[in-house]
Amino acid sequence: AGICERRTQVVNWDPVDMTVLANEQVIDGHGWRSGALVEKREIPGYYLKITAYAEELLDHTLTQLPGWPERVRLMQENWIGKSEGVRFAFPHEVKGADGKLIGDGRMYVFTTRPDTIMGVTFCAVAPEHPLAEHAAAADPRVAAFIDKAKQGGTTEAELALKEKEGVPTGLFVTHPLTGDKVEVWVGNYVLMSYGDGAVMGVPAHDERDFIFAKKYNLPIRQVVGVEGKTYSTDAWQEWYADKQTGKCVNSGKYDGLSYKAAIDAVAADLAAKGLGEKKTTWRLRDWGVSRQRYWGTPIPIIHCPDHGAVPVPEKDLPVVLPEDCIPDGSGNPLNKNAAFLNVACPTCGKPAKRETDTMDTFVDSSWYFMRYCSPGSDDAMVDARNDYWMPMDQYIGGIEHAILHLLYARFWTKVMRDLGLVRFDEPFVNLLCQGMVLNQAYSRKPGEGGKEYFWEEELDVVRDEHRRIVSAKLKRDGSPVEHELTTMSKSKSNGVDPQDLIEKYGADTARLYVMFTSPPEQSLEWSDAGVDGSARFLRRFWTFGHAWAEAIAGAGKVEAAALAEPLKALRREVYTVLRQIDFDIKRIQYNTVVSGAMKMLNALEQAPRGDAKAAAVVREGLSILIRVMNPVVPHVTHALWEELGYAAQYGDLLDAPWPLVDEAALKSDVVELMLQINGKLRGSISVPATAPKEEIEKLALAAPVVQKFMEGKPAKKVVVVPGRLVNIVV
RNA sequence: GCGAAGGUGGCGGAAUUGGUAGACGCACUGGAUUUAGGUUCCAGCGCCGCAAGGCGUAAGGGUUCGAGUCCCUUCUUUCGCACCA
């Protein structure tokens, strides 16, 4: 479909990561991420043209994803990184060693502030820029600077803290509008990978340029003014860079123009000279999907000396990987597997080589969810069932997928749409990013190198009276270790094996604990004591059900009108909690769904034994409790439903309807109202539920507590909130 | 630096969105059962105070009969991005 291309792309390459992953020679397709990865290489491989969808991806991020968390939308927006401005050239006469003009005599830059072009007092290029390299050949100081700039720190933090430094090249370019000579500097803050690796320097209106100019005593020329404000080169101020309020000054024919008008005028003039035009720059780059590992999905291409890259014919698909490959640390083992490698060219039949790059795992994770909708379909990626089920109502995943997986899946969906395979733009209507599970990790730093982690079993941990960790020592030699709360990880020796939990408590306990301990979007701190608590609740639930089994079997329907107040109150509690649970499920707050279930059990446990009416109420309440807990603890509830005879009467629990709130059961004859004097809680009164406001006011004023606190003063104002409280202002 | 979300007991966290702050659970304390440990059950548990009462949702101010919730200022934590021209 023209969406995939075999070519090279300049990427940032992390030589360190390569050594870490000793068993595979990895060219990480995401290596173009700026940051820790510093070495730039031209990487050949297969690229998916996600940049062709940049505009639409951005547009849909802003308009079609209201069911996504704000922060994920923002991360995607920043990742796509749209930037509108003008790309233009500074002409020059600098010739290279070959006698030809470098860059055909044009040094291109990109700017989002073309309205400040008259304030250019210098230019800066990246250390890797051809002009910088040319200057380095003639001037050892420039060469030394470039060497230093290229070394530097490799982590993001070091890069950010690095001071902005530069060195003049002694080369000059011509300002495209004024014709002035402008000196070119090499700056360590200019990125070769963004735009053209060169920037115009407008110190008056760009904070970074301002600092740079002050440091090297370069001229600062104000070209934007705001009425009532005076420009001073002494210190940087926020408004210097403001686009909204300013107008051009000291800018010749552009004087008086606003930001937008100035951009149009400058762009038009540059275009008339053939030196520039408006341009949109993206941070997003094409997606390199080639991997030099053998276990990925094969790329179905055969390389023929005569016919180049030939697709594997459909009848020979899928290409199946050999199963006898053993990685030996010397690169992709497929390259040494003759049986896999040597094939005949599908076009001419002559000997040819199979492609040994495999696909990034993100490729298949970009549409696996659609494939689930078309199980067993042998002759298509997806069939009509996909149209029914997709787009997905609710996607749940970790925040670590906020950018790459979700962006790739959205891109893939749009490609499938353009191929006529699906009929929607976006795959995920609602997105929930669940939190991660945290646990204490214990470590020490044995001199140079990384941390050494220990399991808690290897340590003597001292805790205070509240069980908080005071200190920890290694059992075998008594040396102290540090502790920190962090994500569970194999490498940090702080993971909890689900299998151990299942063996000790059963799967339901583990589910209940995770659901109950924190809301889904928050991270969760692991606690063995908390798990015990969850097991305790399930045991009580189970014991309670069986203690009432016989009574329930003989119980009839609840006759609400015949119930005395304590049993009425019990039903009221059950249905009040059910209403709360319904509310919490809708807003995906499962921790309070569980606490609601605990309240329900607490209430039901108060029911008197040996009472037929109580048995009917318990039978009803327990049927509700079992059903609301079924999604959380499916095994325990399933067994209770069967053993208490609900299944025989109502059918399988999975088919049982969700319990409905009995509005009549929520009604109470009397309500308790809080009494406040001047907004302070002083007591409460019980009033008939039907009492009108005036009646409530009278009862409240007559209450002994109120009399006491009013001290005989008259009530200035009485606020009655029905069903809640009475506030008396004196 | 920019952006986003937070700050509530000893701890995890509730508070149906301006109306009883601390639900539910963990931990802890006392009691009962038990030969003992564990389990289970009962009671207590924000802080100060013998009590009456006072004070309490990061700090300060404001709106309101009433503020954890709304507004302003400050402090602070976590996460994301980070020389993007």
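Quantities reported herein were computed from a predicted structural model and do not represent experimental measurements. Per chain, numbering begins at 1; letters A, B, ... match sequence-line order.
Here the straight-line distance linking atom CD1 of Ile396(A) with atom CD of Glu521(A) works out to 10.0 Å at 0.5 Å rounding. In this structure, the separation between CD on Gln676(A) and OG on Ser684(A) is 12.0 Å, given to the nearest 0.5 Å. Rounded to the nearest 0.5 angstrom, Thr51(A) OG1 and Trp282(A) CH2 are separated by 9.5 Å.
Between Val109(A) and Phe88(A), the closest side-chain pair of non-hydrogen atoms falls below 4.5 Å.
Rounded to an integer number of Å, the gap from Arg285(A) CZ to C84(B) P is 16 Å. When the P atom of A27(B) is taken as reference, atom CG of Asp528(A) falls 11 Å away, rounded to whole Å. Between the CD atom of Gln589(A) and the P atom of G13(B) there is a distance of 12 Å, rounded to whole Å. Atom CD of Glu70(A) is separated from atom C1' of C81(B) by 15 Å (rounded to the nearest Å). Here the P atom of nucleotide U16(B) and the CD1 atom of Ile585(A) are 18 Å apart, to the nearest Å. Regarding Phe544(A), its CZ atom lies at a distance of 13 Å from the P atom of C41(B), rounded to whole Å. To the nearest angstrom, C1' of A85(B) lies 18 Å from NZ of Lys82(A). With rounding to whole Å, Asp584(A) atom CG is found 16 Å from G13(B) atom P.
A donor-acceptor contact under 3.5 angstrom links the side chains of Asp582(A) and Trp658(A), judged on distance only. There is a side-chain donor-acceptor pair under 3.5 Å between Thr61(A) and Arg410(A).
Using a 4.0 Å heavy-atom criterion, one finds that Val202(A) contacts no nucleic acid atom at all. Residue Arg682(A) is in sugar-phosphate contact alone, with no base atom involved, counting any heavy-atom pair closer than 4.0 Å across all strands shown. Heavy atoms of Phe110(A) sit under 4.0 angstrom from at least one base atom. The residue Tyr513(A) sits apart from the nucleic acid: no heavy atom pair falls under 4.0 Å.
Using atom P as the reference point in both C24(B) and C71(B), the two lie 31 Å apart (nearest Å). If you take atom C1' in U20(B) and the same atom in A14(B), they sit 14 Å apart, rounded to whole Å. Spacing between A58(B) and G13(B) at atom P, rounded to whole Å, works out to 15 Å. If you take atom C1' in C55(B) and the same atom in U8(B), they sit 16 Å apart, rounded to whole Å. Rounded to a whole angstrom, the distance from the C1' atom of U33(B) to that of U78(B) is 47 Å. U16(B) and C70(B) are spaced 12 Å apart, taking the P atom of each and rounding to whole Å. For the P atoms, the distance linking U64(B) with A82(B) amounts to 47 Å, nearest Å. Nucleotides G18(B) and G62(B) are separated by 16 Å at their C1' atoms, to the nearest Å.
Taking the O4'-C1'-N9-C4 or O4'-C1'-N1-C2 dihedral as appropriate, U17(B) has a value within 90° of 0 and is therefore syn. Under the 90° criterion around 0 for the glycosidic angle, G62(B) counts as anti.
Other residues, nucleotides and ligands place no more than 12 heavy atoms under 6.0 Å from the CD atom of Glu277(A). When the shell of 6.0 Å around NZ of Lys215(A) is examined, it contains more than 12 heavy atoms from other residues, nucleotides or ligands.
Using a 4.0 Å cut-off, some side-chain N or O of Arg208(A) falls inside it from OP1 or OP2 of C84(B). Put simply, Arg539(A) has no side-chain N or O that comes within less than 4.0 Å of OP1 or OP2 on U39(B). An OP1 or OP2 oxygen of A82(B) is reached within less than 4.0 angstrom by a side-chain nitrogen or oxygen of Arg283(A).
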Completion exercise
Heavy-atom contacts, protein to nucleotides 19-26 of chain B, under 4.0 Å, summarised as B (base), S (sugar-phosphate only) or - (none) per nt, yield BBS-BBSS

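Among the duplex regions that RNA chain B forms, those built from at least three successive Watson-Crick or G-U pairs under 3.5 Å are B:1-7 with B:75-81, B:10-12 with B:24-26, B:28-32 with B:40-44, B:46-48 with B:53-55, B:58-62 with B:70-74, ordered by first number.
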With a cut-off of 3.5 Å and sequence neighbours excluded, list every side-chain donor-acceptor pair involving residues 717-730 of chain A.
from: Asn727(A); atom 1: OD1; to: Gly679(A); atom 2: N; distance (Å): 3.0

Exercise for the section: Output, in order, the C-alpha distance, side-chain angles, deciding distance and verdict of ring-ring contact (aromatic ring centres under 6.0 Å, His included) for Phe212(A) and Tyr189(A). Expected result: CA-CA 10 Å; Phe212(A) 194 79; Tyr189(A) 64 93; 5.3 Å; yes

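Where Val190(A) and Lys680(A) each meet RNA chain B at their nearest nucleotide, the meeting point lying more 5' is that of Lys680(A). A residue-by-residue look at Trp282(A) and Gln606(A) shows that Gln606(A) has its nearest nucleotide of RNA chain B further toward the 5' end.
None of Asn630(A), Asp508(A), Thr509(A) except one satisfies the side chain to side chain contact (heavy atoms under 4.5 Å, CB included) rule with Val636(A); the exception is Asp508(A).
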